[in-house]
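Everything on this sheet refers to the single structure shown next.
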Amino acid sequence: MTLLRTLSVLLIWTACAHAAAPDSTVIDPEAARAKVAAARTAAGADRHHEAVADYLEALAQDASLVPEVAQEIAYQKLWREDAERAVFYFRRHLARHPGQADRRVRSGLALALSWSGRQPAAVALYRSLVDEDSADGDARVGLGRTLVWDNRLHGGYGVLRRVETEFDGDAAPGREAGAFLLTTLDGYTPHLDLRVDAAWDSDDLDRYRVSAHGAVTVAGNKLLQIMPSVARYSQPGRPHVTAPRLGAGLATALARNWSLHAYGWVDHFRSDGPLAAGNGELDWTRTGGDAWLTWLPAPRWRTDLGAASQAVETYTAFGRRLHLEQGSLSAEWRLARHWACDAQGSLADYSDGNLRRRGSASLKWRREGRIQVTAGPVVSYMDYRDPYPGGYWAPDWVRSGSFELTLATRSRRTTWRLGGSLGTEREAGADAVSVGSASGRVGWRFASGWLAALEAGYAKSSFATASGYSRTFANVSLRALF
């Protein structure tokens, strides 16, 4: 009896204590609904950060709203470029609605998977959507786009081209398929890229390069590239130098937010006469390369770690067989919808024992629209451990500041880009001078899988060349997808 009496007292005391204590999980349905309404208003005005905050506050007031608003939060996260959290909320919605074939949410999930770097998973989900409804042009465009992002160029091109052919050009799927094919041909690595590059420096050094880059997908989604080329250098009063090159490269995703680009080549520099009195003809074979590892550590962040080895391209440097090995690190942060900043630095070790330090930083404002505008200031700095050793431009230090502006637009078949900069540059022991640049590029998709492009420009800056002189350049290319 004593034990029963004690247990009864404890139960009564516990009940009274809970009745007297404030409820820490009070649900306020009215406040939650008001926050959902505010979130939807903010979302409609493209204030995605504010919308997400209101949605999450609504869930704090009434967690039972999760099945209703999870997909809305997912889309707001997606438009804020937080694809990882968008995947979470899309999956949460689907888990709360089992057995429902919600194509819109699954399409959103496929897009979020793709934007978060999970291309194989995105391809599989897009394929299931297309298999269920082959008339869904949006899903087919998503499939083609994701295949391209997964380095499966042939498959992506085939899907997008069929959509472009089957749908009217004024319909959204046909228009989007054509627009992405134009973007791929103009800015991505295509199956074939035939190029002629030319540069004319103000010290009368002329250089020309003819190259043919071919790419093929291997081992599922790895892009293998073969890159033969030949360069020719000339300067008044000096013999010509030719440099055939055989190169190869590989681009591949390593994990969800890691990717690698690695390129290597063998150059053979030879001249048709002595480069300097008392020297024989140049006959120099050397290997070189360029590689960078990209990591996306968080939404709106990108970092690149790079390494390169290359010859120094001046006549004196050729005669001395000078080359450099370089390490670099860069980071970019999207501050807001229209703002981004980046910083990069590099350290180069020259074969003559010299050391170069170089860095730059910029703040860019970008506006999307019929004419895309990118503008902002850029500052740069460079110095050498041993100034002016001979063979290349190597000041004690040099710094510059400029303002850059780029305008870009496009039609269904063409892309246009104009760029320019204006600023000042100062080298140790000299007065500041005005510097600037101007360039333009036009691309024309003249056939379904072909694009011709022409680019030309001028850069008045000591940073533009290894010899510290200004440069005029031009290139023409023919690019193809099969």
Side-chain angles (χ1 to χ4, degrees), residues 24-98 100 102-119 121-122 125-126 129 138-139 141-142 145-146 149 176 255-257 295-303 331-342 363-369 372 374:
S24 60
T25 59
V26 171
I27 293 176
D28 189 342
E30 283 191 21
R33 284 291 174 185
K35 281 297 179 181
V36 169
R40 288 169 176 166
T41 299
D46 290 337
R47 300 196 305 271
H48 306 300
H49 180 80
E50 181 181 333
V52 169
D54 285 336
Y55 276 124
L56 295 181
E57 192 168 338
L59 293 183
Q61 296 287 342
D62 187 353
S64 68
L65 291 173
V66 169
E68 180 181 340
V69 302
Q71 67 160 313
E72 298 178 34
I73 299 175
Y75 277 108
Q76 295 309 301
K77 286 287 189 180
L78 192 59
W79 305 147
R80 287 196 66 233
E81 301 180 53
D82 190 354
E84 187 67 24
R85 296 300 293 171
V87 168
F88 169 80
Y89 281 105
F90 278 127
R91 285 176 169 166
R92 197 171 186 187
H93 173 90
L94 292 171
R96 296 300 179 94
H97 299 81
Q100 294 186 15
D102 196 331
R103 290 184 61 84
R104 182 174 180 273
V105 175
R106 290 162 64 205
S107 293
L109 175 58
L111 182 60
L113 288 168
S114 184
W115 283 8
S116 67
R118 297 180 174 91
Q119 308 305 341
L125 185 49
Y126 274 126
L129 291 166
D138 291 335
V141 170
R145 183 176 55 228
T146 306
W149 285 342
E176 291 174 8
R256 179 184 60 80
N257 54 356
W295 177 38
L296 308 177
R300 302 187 178 205
W301 276 93
R302 170 183 171 137
T303 60
E332 181 183 39
W333 178 29
R334 292 284 301 279
L335 298 162
R337 181 178 179 182
H338 297 291
W339 291 93
C341 63
D342 68 73
L363 176 66
K364 295 293 178 65
W365 175 81
R366 179 170 175 168
R367 190 202 72 179
E368 303 287 347
Q372 179 180 294
T374 305

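Computed from a prediction, not measured in an experiment: that's the story for all the values here.
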query = Partners of Q71 by side-chain hydrogen bond (donor to acceptor under 3.5 Å, both in side chains), sequence neighbours excluded?
reply = R104
query = In chain order, what residues pass the salt bridge (charged side-chain N to carboxylate O under 4.0 Å, His left out) check against R118, with sequence neighbours excluded?
reply = E84
ask   = Can you name the residues that form a side-chain hydrogen bond (donor to acceptor under 3.5 Å, both in side chains) with R80, not counting sequence neighbours?
value = H49
Any residue meeting side chain to side chain contact (heavy atoms under 4.5 Å, CB included) with L296, in chain and number order, not counting sequence neighbours = N257, T294, R302
key: side chain to side chain contact (heavy atoms under 4.5 Å, CB included) partners for A34, two or more places apart   = none
inquiry  = Return the CD to CZ distance between Q119 and R145, rounded to the nearest 0.5 Å.
reply    = 10.0 Å
request  = With sequence neighbours excluded, tell me which residues meet side chain to side chain contact (heavy atoms under 4.5 Å, CB included) with T374.
outcome  = K364, R366, Q372, T406
task = Taking side-chain hydrogen bond (donor to acceptor under 3.5 Å, both in side chains) as the test, write out the residues that go with E57, two or more places apart.
result = none
message = Filter on salt bridge (Lys or Arg N to Asp or Glu O under 4.0 Å), then keep only pairs touching residues 40-53, sequence neighbours left out; what's left?
response = R40-E68, R40-E72, R47-E50
query = With sequence neighbours left out, what residues match D62 under side chain to side chain contact (heavy atoms under 4.5 Å, CB included)?
reply = I27, P29, A32, S64, L65
task = Please list, chain by chain and in numerical order, all residues satisfying side-chain hydrogen bond (donor to acceptor under 3.5 Å, both in side chains) with W149, sequence neighbours excluded.
result = Y188
remark   = So salt bridge (Lys or Arg N to Asp or Glu O under 4.0 Å) across residues 85-96, not counting sequence neighbours, yields none
ask   = With sequence neighbours excluded, what pairs up with F90 under the ring-ring contact (aromatic ring centres under 6.0 Å, His included) test?
value = Y75
